[in-house]
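So the structure is just underneath, and the comments pick up after that.
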Amino acid sequence: MAIKLFDSFSREIRELRNPDPNNPADVFSFYNCGLTVYASAHIGNFRTFVINDVLRRLLILEHGAGKVRYVRNLTDVDDKTIARAREEGRTLAEVTKEWTDKFHADCDKLNCLPMEAKFEPRATSYIKEQVDMIDVLMKKGNAYRAPDGSVYFKVSSFDHYGELSRVKERELKLGSALKTMAADADEKDDVSDFALWKAHKDEDGVNSWDSPWGRGRPGWHIECSAMSKALLGTTIDLHTGAVDLLFPHHENEIAQSECCNGQQFSRHWYHNEHLLVDGKKMSKSLGNYYTLDDLLAKGASPMAVRYALLSGHPRKQLNFTLDSLHAAESAIKTLREYRATLPAGTTGAHDTFGHVLAILQDDLNVPGALGAVFTLVNRKAGEADLASFDRVMFALGLDLKAAEPAKASAPANITALAEKRWAAKAAKDFASADALRKELTAAGWSMLDRKDGYSLEPLKK
RNA sequence: GGCGCGGUAGCCAAGUGGUAAGGCCGAGGUCUGCAAAACCUCUAUGCGCCGGUUCAAUUCCGGCCCGCGCCUCCA
């Protein structure tokens with residue numbers, strides 16, 4: 001069956017295109033706007049990437065890995081990356097490499113399928129392609145060079161501008177309009193026009209490239225248009241990102257690409273909603289700004305973070321709280337223990353969990369799918385089979401093995417106490433055993449008795 | 001002001017024109033010397049408010065209130 005997904009352009013749930021299984025060249029092309037690599041990604045970023053990862057996994061299950069081409073870019077040149085490099089007295093490449101590596105490590109921990117290097121393009125590796133596109137836009141009359149050497153896209157030259165975000169129905173709030181006008185109003189013919197190429201400024205330092213319009217660097221939007229075209233072709237099947245990219249980023253991409261190529265840019269658009277923390281958008285001033293490391297430092301497991309990020313419908317704002325991590329941790333534990341009860345080696349003939357995938361395929365209803373999983377889990381193994389369960393866990397990207405809590409090794413003094421208690425218990429000296437348990441508790445350790453031995457775990461706060 | 005998303009139990013969160021999935025927490029119980037785990041049971045006459053349509057609305061329509069996001073380089 002086809003995967004259905006809300007389309008931001010038509011504002012209805014539509015089926016995604018099925019690639020032709022008999023034509024090796026026909027792949028499902030999928031572009032996901034990636035991260036600007038100047039600092040650690042935060043969990044709001046990861047909500048988007050985890051959601052896209054689930055979508056990617058569903059497509060792979062449906063069509064096979066070879067039929068899905070997923071591109072996610074890295075923005076490695078912009079005001080923020082350049083500013084960071086200047087502040088730290090390092091090269092742009094050094095800064096962006098550091099944060100790219102960090103991003104990859106975090107994605108790994110969250111069990112996102114790895115990117116193929118060539119499908120994770122960096123803006124600075126595609127300068128030529130961007131210049132070429134701008135060149136076409138200049139020649140077609142969709143762009144103009146401003147006195148300072150910057151090149152702007154002429155919004156009035158594209159009749160369909162604003163159809164994605166309904167920008168024509170919007171009224172700019174005075175404050176926003178003033179802010180824009182203050183920035184580069186002198187250079188632009190119209191406040192709506194946006195930069196394709198930014199003339200070199202002193203702050204840019206060595207981070208500029210030659211172009212027919214003088215030295216400078218690409219504007220933000222053009223990189224996605226150019227890299228999408230280079231790797232996926234002029235018309236792609238799906239373009240995704242979080243809601244904040246809907247306008248102006250994606251609107252501008254459509255304008256550039258369609259004016260340049262004369263073809264539809266993307267058949268389908270999908271935008272997930274934001275993650276909120278404590279009911280508000282994350283911000284450092286509110287103190288509700290979390291990176292993955294922040295949560296791991298609080299004792300969360302990466303899988304719990306992933307689960308928590310998936311616990312709301314992707315098209316609804318999700319309010320993330322530390323409590324939701326605890327809930328996720330417990331839920332994953334239940335899934336892990338349930339999995340252990342399933343007989344190994346089953347064939348999947350029953351496909352007990354098949355309808356869960358169907359729920360996921362219906363507009364990526366992750367919470368609905370999780371509910372359906374637990375409904376079955378509560379019925380116990382029964383007819384359930386491991387292959388079917390694992391397929392759903394794969395789709396959700398929940399690696400239950402990775403979710404095993406790390407066994408902290410107890411220090412020698414704790415081990416000694418535990419040994420004494422185990423001996424006391426064996427001797428049926430329960431008074432001593434209880435006293436020793438209290439000592440262990442006071443020292444922050446919990447002793448878990450089994451028939452044949454015991455284990456020690458640090459007490460959770 | 002415009003555009004968009006939403007308001008469902010203590011918290012989180014699906015869903016449906018026919019009488020409310022699921023997770024967490026909590027309570028009771030079974031079982032273990034204790035503790036933990038596991039297992040069983042229970043937890044919204046109610047789905048922001050007010051009208052309307054209907055045999056029937058949380059679900060459709062209208063109005064209102066409230067929260068959040070975006071409004072030109074934020075995932």
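Below, chains carry the letters A, B, ... as their sequence lines are ordered, and counting in each starts from 1.
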Q. Is the aromatic ring centre of A:Phe374 closer than 5.5 Å to the centre of the six-membered base ring of B:G22, with the two planes inclined by less than 30°?
A. no
Q.
Any N or O donor-acceptor pair under 3.5 Å from the base of B:G15 to the side chain of A:Asn365?
A. no
Q: Classify the nucleic acid contact of A:Asp449 as base, sugar-phosphate or nothing, counting any heavy atom under 4.0 Å across all strands shown.
A: base
Q.
Considering every strand and a 4.0 Å limit on heavy-atom distances, what is the contact class for A:Glu337: base, sugar-phosphate, or nothing?
A. sugar-phosphate
Q. Which part of the nucleic acid does A:Thr321 contact within heavy-atom distance under 4.0 Å: base, sugar-phosphate only, or nothing?
A. nothing
Q. Would you say A:Lys280 reaches B:C68's phosphate, i.e. side-chain N/O to OP1/OP2 under 4.0 Å?
A. yes
Q) With a non-hydrogen cut-off below 4.0 angstrom, is A:Asp78 in contact with a base, only sugar-phosphate, or nothing? A) nothing
Q: Give A:His42 one of three labels, base, sugar-phosphate or nothing, depending on what nucleic acid heavy atoms sit under 4.0 Å from its own.
A: base
Q: May I ask you to verify if any side-chain N or O of A:Asn378 is less than 4.0 angstrom from the OP1 or OP2 atom of B:G23?
A: yes
Q) Is it the case that A:Asp7 and A:Tyr270 place a side-chain donor and acceptor less than 3.5 Å from each other? A) no
(Q) Testing the 3.5 Å rule here: is there a donor-acceptor pair between the side chains of A:Thr36 and A:Asp78? (A) no
Q) With distance as the sole criterion, is a donor-acceptor pair present between the side chains of A:Arg217 and A:Ser208 under 3.5 Å? A) no
Q) Hey, which of these two, A:Ser311 or A:Met447, hits RNA chain B nearer its 5' end, going by closest nucleotide? A) A:Ser311
(Q) Using the P atom as the point on both nucleotides, what is the distance between B:G52 and B:C66, in whole Å? (A) 23 Å
Q.
Please report the distance separating the P of B:U45 from the corresponding atom of B:G10, rounded so that it comes out in whole Å.
A. 9 Å
Q) With sugar-phosphate meaning primed atoms plus P, OP1 and OP2, does A:Lys425 contact a base, only sugar-phosphate, or nothing at under 4.0 Å between heavy atoms? A) base
Q.
Taking the minimum atom-to-atom distance to the side chain of A:Pro367, which one of B:A75, B:A14, B:C12 wins?
A. B:A14
Q.
Side chain of A:Lys333 only, heavy atoms from C-beta on: which candidate in B:A38, B:A75, B:G69 is closest?
A. B:A38
Q | Interatomic spacing from CG in A:Asp79 to CZ in A:Arg84 - rounded to 0.5 Å | A | 13.5 Å
Q | Whole angstrom value for the distance that separates P of B:U72 from CZ of A:Phe247 | A | 7 Å
Q. With respect to the phosphate group of B:A14, does any side-chain polar atom (N or O) of A:Lys316 fall under 4.0 Å of OP1 or OP2?
A. yes
Q.
So if I take every side-chain heavy atom of A:Ala327 and compare against B:G69, B:C24, B:A21, which nucleotide ends up nearest?
A. B:C24
Q.
Once hydrogens and angles are ignored, does a donor-acceptor distance under 3.5 Å link the base of B:C3 to the side chain of A:Arg166?
A. no
**Q.** Touch class at under 4.0 angstrom, heavy-atom based, for A:Asp323 against every strand present
**A.** nothing
Q: Quick one: label A:Arg421 by what it contacts on the DNA or RNA (base, sugar-phosphate, nothing), any heavy atom closer than 4.0 Å.
A: base
Q: Let me know, please, whether A:Leu318 or A:Ser330 comes out on the 5' side of the other along RNA chain B by nearest nucleotide.
A: A:Leu318
**Q.** Spacing of the C1' atoms in B:A9 and B:A27 (rounded, Å)
**A.** 15 Å
Q) Nearest-Å distance, CG (A:Leu164) to P (B:U72)? A) 16 Å
Q) B:G4 phosphate, OP1 or OP2: any side-chain N/O from A:Arg11 under 4.0 angstrom? A) yes
Q: Confirm from the modelled atom types if A:Arg47 and B:A75 form a donor-acceptor pair under 3.5 Å, side chain to base only.
A: no
Q.
Categorize A:Leu448 for me: base, sugar-phosphate, or nothing, with a 4.0 angstrom heavy-atom threshold over every strand shown.
A. base
Q: Convert the base pairs of RNA chain B into dot-bracket notation, remembering that pairs crossing earlier ones are written with [ ] and that bases paired across to another strand are shown as |; include only Watson-Crick or G-U pairs under 3.5 Å.
A: (((((((..(((.....[...))).(((((.......))))).....(((((..]....))))))))))))....
Q. Counting just side-chain N and O atoms, does A:Asn252 come under 4.0 Å of either OP1 or OP2 of B:U72?
A. no
**Q.** Stacked cation flag A:Arg72 on A:Phe49, 6.0 angstrom / 45 deg
**A.** yes
Q | Main-chain N/O of A:Thr352 paired to A:Ser388 side chain as donor or acceptor, under 3.5 Å | A | yes
Q) Can the ring centres of A:Tyr290 and A:His42 be said to be less than 6.0 Å apart? A) no
Q: Can you spot which of A:His250, A:His249, A:His239 makes a ring pair (Phe, Tyr, Trp, His ring centres under 6.0 Å) with A:His271?
A: A:His250
**Q.** Phosphate OP1/OP2 of B:A38: any A:Thr341 side-chain N/O under 4.0 Å
**A.** no
Q.
A quick test of your reading: do over 12 heavy atoms of other residues, nucleotides or ligands sit less than 6.0 Å from CZ of A:Phe103?
A. yes
Q | With sequence neighbours excluded, residues passing side chain to side chain contact (heavy atoms under 4.5 Å, CB included) with A:Ser156 | A | A:Lys154
Q: Classify the nucleic acid contact of A:Gly44 as base, sugar-phosphate or nothing, counting any heavy atom under 4.0 Å across all strands shown.
A: base
Q) How many Å lie between CG on A:Leu246 and C1' on B:C5, as a whole number? A) 12 Å
Q) Between B:G33, B:G69, B:G23, which nucleotide gets closest to the side-chain atoms of A:Asp434? A) B:G33
(Q) Using only modelled atom types and a 3.5 angstrom limit, is any donor from either the side chain of A:Glu273 or the base of B:C5 paired with an acceptor on the other? (A) no
Q) If you measure from the P atom in B:G63 to the same atom in B:G4, how many Å do you get, rounded? A) 14 Å
